[in-house]
Protein chains: 2
Amino acid sequence: MKMEGGATPNALLGLLSLRPMSGYDIRQVISESIGYFWSESYGQIYPGLKRLEAEGLVSKKTVRGKGSPDRNVYSLTEDGRRKLREWLKLPVAEVVPRNELLLKLFFGAHVSPNVSREHVQAFLERCQEDLRVYGELEKGLRKKGVPESQLPFCMMTLNMGRHRSAAMVKWCEETIAELDKIERTAKGGK
Amino acid sequence: MKMEGGATPNALLGLLSLRPMSGYDIRQVISESIGYFWSESYGQIYPGLKRLEAEGLVSKKTVRGKGSPDRNVYSLTEDGRRKLREWLKLPVAEVVPRNELLLKLFFGAHVSPNVSREHVQAFLERCQEDLRVYGELEKGLRKKGVPESQLPFCMMTLNMGRHRSAAMVKWCEETIAELDKIERTAKGGK
DNA sequence: GAGGACATGTAATGTGTTACATGATTAA
DNA sequence: TTAATCATGTAACACATTACATGTCCTC
């Protein structure tokens with residue numbers, strides 16, 4: 001009867017495997033590590049940690065703050081570590097990710113090609129920005145204390161981002177050229 | 001107060017812009033057109049159509065079935081068409097799509113490299129299959145009655161899939177090689 | 001004294017899938 | 001007769017974000 005699908009609680013376990021953290025810390029760490037392919041809101045994190053504690057997968061230690069609020073620092077228990085390993089072994093649940101850009105582009109014939117062009121242009125800029133961020137992230141990895149054993153895995157995820165963004169940049173350029181062509185012929189044929 | 005974000009009702013409007021359809025039809029059409037980047041379940045479609053009708057964006061016509069159940073066929077009203085155009089002009093809401101494969105890969109140091117390798121291998125096969133499907137889809141487009149004006153937009157969405165899948169195939173191959181290297185050194189160093 | 005970072009948490013709301021319920025027709 | 005396809009719809013549940021509520025300390 002146990003649903004093993006839930007990626008969110010397992011993501012929390014994974015993050016706590018890096019080091020003991022509070023809910024607040026987790027949010028920070030996400031944004032500077034896996035933020036480009038995973039995110040969690042406080043509304044998921046705090047109740048999630050509470051549930052994991054009730055299941056004995058993490059343990060809480062309240063740290064009296066010196067000049068700051070109390071922190072609830074959670075760490076993985078042996079059970080939690082085992083649970084994480086089991087989840088990692090399960091096949092990846094594949095979903096079709098929704099792509100609103102493609103949806104709008106698909107129905108682009110209803111509006112001026114200019115509209116689609118701007119959507120693609122915005123996406124292009126975003127991809128270029130992402131490529132820049134991946135560079136920063138890599139620098140951060142090399143400097144900061146990422147365990148030797150974890151480093152190649154970080155790099156693999158970064159590399160997917162790079163391959164993806166580079167391909168998207170190419171597609172954007174081709175698509176913008178195509179949209180420009182459509183606009184020119186629309187104007188020329190008038 | 002109106003939330004304009006809702007992509008799902010707008011997706012329904014877009015699909016009905018192709019031709020009048022029943023909720024059942026919509027599901028079929030999705031799977032043979034935009035299914036690789038968008039999907040809707042009946043639980044969204046039927047209540048969604050009802051709501052759109054109440055707002056006057058679509059109109060319902062019940063067609064008595066000859067040897068099959070009655071069909072509720074919906075068509076776009078002028079208001080619906082206008083609403084669709086307005087939505088198409090709004091900037092694309094950008095979200096970070098979650099990627100469970102990357103999440104598992106990121107924490108791959110906790111399990112044998114073999115486990116990650118198999119996840120990537122499965123993803124590789126899926127991408128290759130996708131590339132094949134895009135070919136089929138394109139053939140279908142050329143044969144069937146897709147309006148001339150809509151065709152280039154279909155092709156643009158297909159091309160994004162192609163660029164993406166091709167990049168992913170390359171990444172998978174590189175990543176599998178890297179994982180093999182890790183496994184060899186782990187074995188060699190023992 | 002205003003604003004921002006630190007810190008925790010809940011409630012309301014939105015979004016979406018899955019399973020269920022129903023029932024006819026058609027092909028194996 | 002059994003399964004698949006056609007067809008519509010609801011209810012329960014799962015998942016997630018946002019806004020709100022609260023309060024401290026530190027810097028400008």
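Lettering of chains follows the sequences in order, A, B, ..., and the numbering in each one begins at 1.
Taking B:K170 as the reference, nothing meets the salt bridge (Lys or Arg N to Asp or Glu O under 4.0 Å) condition, with sequence neighbours excluded. Residues satisfying the side-chain hydrogen bond (donor to acceptor under 3.5 Å, both in side chains) criterion with A:R126, sequence neighbours excluded, are B:E94. Checked against ring pair (Phe, Tyr, Trp, His ring centres under 6.0 Å), B:Y46 has the following partners two or more places apart in sequence or in another chain: B:Y42. By the side-chain contact (heavy atoms from CB on, under 4.5 Å) test, A:V29 pairs with A:L15, A:L18, A:R19, A:M21, A:S33, sequence neighbours left out. By the side-chain hydrogen bond (donor to acceptor under 3.5 Å, both in side chains) test, A:Q28 pairs with no residue at all, sequence neighbours left out.
Under 4.0 angstrom from either OP1 or OP2 of D:dC15 there lies no side-chain N or O belonging to A:T8. Dashed line: the shortest gap from a side-chain N or O of B:Y24 to OP1 or OP2 of D:dC6 is under 4.0 Å. For A:R98 and C:dG16, the shortest distance from a side-chain N or O to OP1 or OP2 is below 4.0 Å.
One can place CD1 of B:I30 at 14 Å from C1' of C:dT17, the figure rounded to the nearest angstrom. With rounding to whole Å, A:N72 atom CG is found 17 Å from D:dG23 atom P. One atom, CE of B:M21, and another, C1' of D:dA7, lie 15 Å apart when rounded to the nearest Å. Rounded to a whole Å, the CZ atom of A:R51 is 17 Å from the P atom of C:dT8. Summarising the geometry, the separation between CG on A:D25 and P on C:dC6 is reported as 10 Å, rounded to the nearest angstrom. One interatomic measurement links the two molecules: CG of A:D70 to C1' of D:dT24, which rounds to 11 Å at whole-angstrom precision. Atom-to-atom, CZ of B:R27 to C1' of C:dG16 comes out at 12 Å; the value is rounded to the nearest Å.
Between B:Q28 and B:K60, the residue anchored closer to the 5' end of DNA chain D is B:Q28, taking for each the nucleotide with the nearest heavy atom.
Note on the helix from C:dG1-D:dC28 to C:dA28-D:dT1: angle between the axes of the first and last five pairs equals 20°, rounded to 10 degrees.
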Name the atoms and distances for all side-chain donor-acceptor pairs under 3.5 Å in residues 148-159 of chain B, with sequence neighbours left out.
from	atom 1	to	atom 2	distance (Å)
B:T157	OG1	B:Y36	OH	3.2
B:T157	OG1	B:C154	O	2.6
B:N159	ND2	B:M155	O	3.3

Please tabulate, one pair per line, all N/O donor-acceptor pairs under 3.5 Å involving side-chain atoms of residues 47-62 of chain A, not counting sequence neighbours.
from	atom 1	to	atom 2	distance (Å)
A:T62	OG1	A:N72	OD1	3.1

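A heavy-atom distance below 4.0 Å to DNA chain C is reached by these residues of residues 38-50 of chain A, ordered by number: A:Y46, A:K50.
Salt-bridge check for B:R98 with A:E40: passed, with a basic side-chain N closer than 4.0 Å to an acidic carboxylate O. Between B:R162 and B:E138 there is a salt bridge, with a side-chain nitrogen of the basic residue lying less than 4.0 Å from a carboxylate oxygen of the acidic one.
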